[in-house]
Student: 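Dropping a structure here in structure tokens format, bear with me for questions.
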There are 2 protein chains.
Amino acid sequence: MNFNLDDIDRRILAALQRDATLSMDALAEAAGLSRNACWRRMRQMEGAGVIRGRVVLLDPAKVGCALQVFVMVRTSSHDAAWMEKFDRAVRILPEIVGAHRMTGDLDYVLRVRVADVPAYDAFYKKLIALVPLSDISASFVMEDNKDTTELPL
Amino acid sequence: MNFNLDDIDRRILAALQRDATLSMDALAEAAGLSRNACWRRMRQMEGAGVIRGRVVLLDPAKVGCALQVFVMVRTSSHDAAWMEKFDRAVRILPEIVGAHRMTGDLDYVLRVRVADVPAYDAFYKKLIALVPLSDISASFVMEDNKDTTELPL
DNA sequence: TATGAAAAACCACGATG
DNA sequence: CATCGTGGTTTTTCATA
């Protein structure tokens, strides 16, 4: 399941997590390696699925998703049919950027991105139309002290 | 604050959010534009900060962060000195990938990535050594139904 | 280290709505 | 008159011998 990383691999990944536009030369230097050796390692980690992909990150406010909401979902009915509906809703609704099943009786946390509070309300209505939910509580994010895609290495 | 996006911009961003390795030609085709026009728009959006950066995404399990934890933090002492300590801890600890101040009396949600439960305990000790916290409750993620960096456009 | 192929980065002009 | 498309040049980076 997990790939055996050494310090050099970690340096390569750390640099790429921060900025994937680095040229092979710059990356190799950051890792303390020759350009070629660095390229081979990167390629290997891509093949092994350690590197999942390359994406651009957008500024949420500038694309009209200024509001982030954590939605705690509790449900009494945890049968297969419900699960299916829930999965479908999560897949369909692009406002849901994270859906996490938690420890402690069927309990989900949703991370939701919308423009503002009215937009959240509209989202909420879409959600409950797709899945019967017994207990929902939304908490709005006032400020992000940190919000990164960089994993600790 | 927010950039005025049209449908073509949205198509460009949607494609890049999914895969930033697309060549200009492929991206232009996805957007229904010539290569150059597409490049001009992309550059503009980079300049405006709509595109924040390009990064690689890693597989958490394969780099030894299989466990994701949501930590709810409540504090009674919300003075400036405390805030400073908290900010510092958030900055210093790489296991914290998200720190969000929430609505409803000083309340934080931390998103934390660690290897396993013992690693979470070690993180917890580091955290409370850095900041006095009156009330912490951790919820462990059992399964991700969704976890994406793609914002709804 | 060298090298050929490919893509990106940029410029200028005329067309279009 | 913004923005498009075309077609060019120069530069960089890749990927491999």
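Below, chains carry the letters A, B, ... as their sequence lines are ordered, and counting in each starts from 1. Predicted model, so just to flag it, every value in this text is computed and none were measured.
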Student: Just the rounded figure in Å: distance from P of dG7(D) to CG of D25(B).
Tutor: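 Atom-to-atom, D25(B) to dG7(D), this comes out as 14 Å.
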Student: Going by salt bridge (Lys or Arg N to Asp or Glu O under 4.0 Å), name the pairs with one or both residues in residues 24-34 of chain A, residues two or more places apart or in two chains.
Tutor: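 Qualifying pairs: D25(A)-R35(A).
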Student: Of the non-hydrogen atoms in M142(A) and T103(B), which two are nearest, and what is the gap between them?
Tutor: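 M142(A) and T103(B) have their closest heavy atoms at CE-CG2, 3.5 Å.
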Student: I need the CE-P distance between M24(A) and dA15(D), as an integer number of Å.
Tutor: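 M24(A) atom CE is separated from dA15(D) atom P by 9 Å.
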Student: How about F70(A) and H100(B): are their ring centres within less than 6.0 Å of each other?
Tutor: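 For F70(A) and H100(B), the ring centres are under 6.0 Å apart.
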Student: Please confirm whether the backbone N or O of M24(B) pairs with a side-chain atom of W39(B), one donor and one acceptor, at under 3.5 Å?
Tutor: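 A pair under 3.5 Å: no.
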Student: Please classify dA2(D) as syn or anti, treating any glycosidic angle within 90° of 0 as syn.
Tutor: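 Glycosidic conformation of dA2(D): syn.
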Student: Below 30° counts as parallel, above 60° as perpendicular, anything between as tilted: where do the rings of F86(B) and W82(B) land?
Tutor: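 F86(B) vs W82(B) ring planes: parallel.
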Student: Tell me whether K146(B) contacts the main-chain N or O of A99(A) through its side chain, where contact means a donor paired with an acceptor under 3.5 Å.
Tutor: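 Judged by distance alone, no pair lies under 3.5 Å.
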Student: Indicate the atoms forming the closest heavy-atom contact of I51(A) with L58(B), along with that distance.
Tutor: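 Distance-wise, the nearest heavy atoms are CG1-CD2, 4.0 Å.
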Student: Search all heavy atoms of A30(A) against all heavy atoms of R11(A) and return the closest pair with its distance.
Tutor: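 Looks like O-CD, 3.7 Å.
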Student: Note every stem involving DNA chain D: at least three consecutive Watson-Crick or G-U wobble pairs, i with j then i+1 with j-1, with both distances under 3.5 Å.
Tutor: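 Stems for DNA chain D, defined as runs of 3 or more consecutive pairs: C:1-15 with D:3-17.
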Student: Just to be sure I understand the geometry, which residues of residues 26-47 of chain A put a non-hydrogen atom under 4.0 Å away from DNA chain D?
Tutor: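 DNA chain D contact set from residues 26-47 of chain A: N36(A), W39(A).
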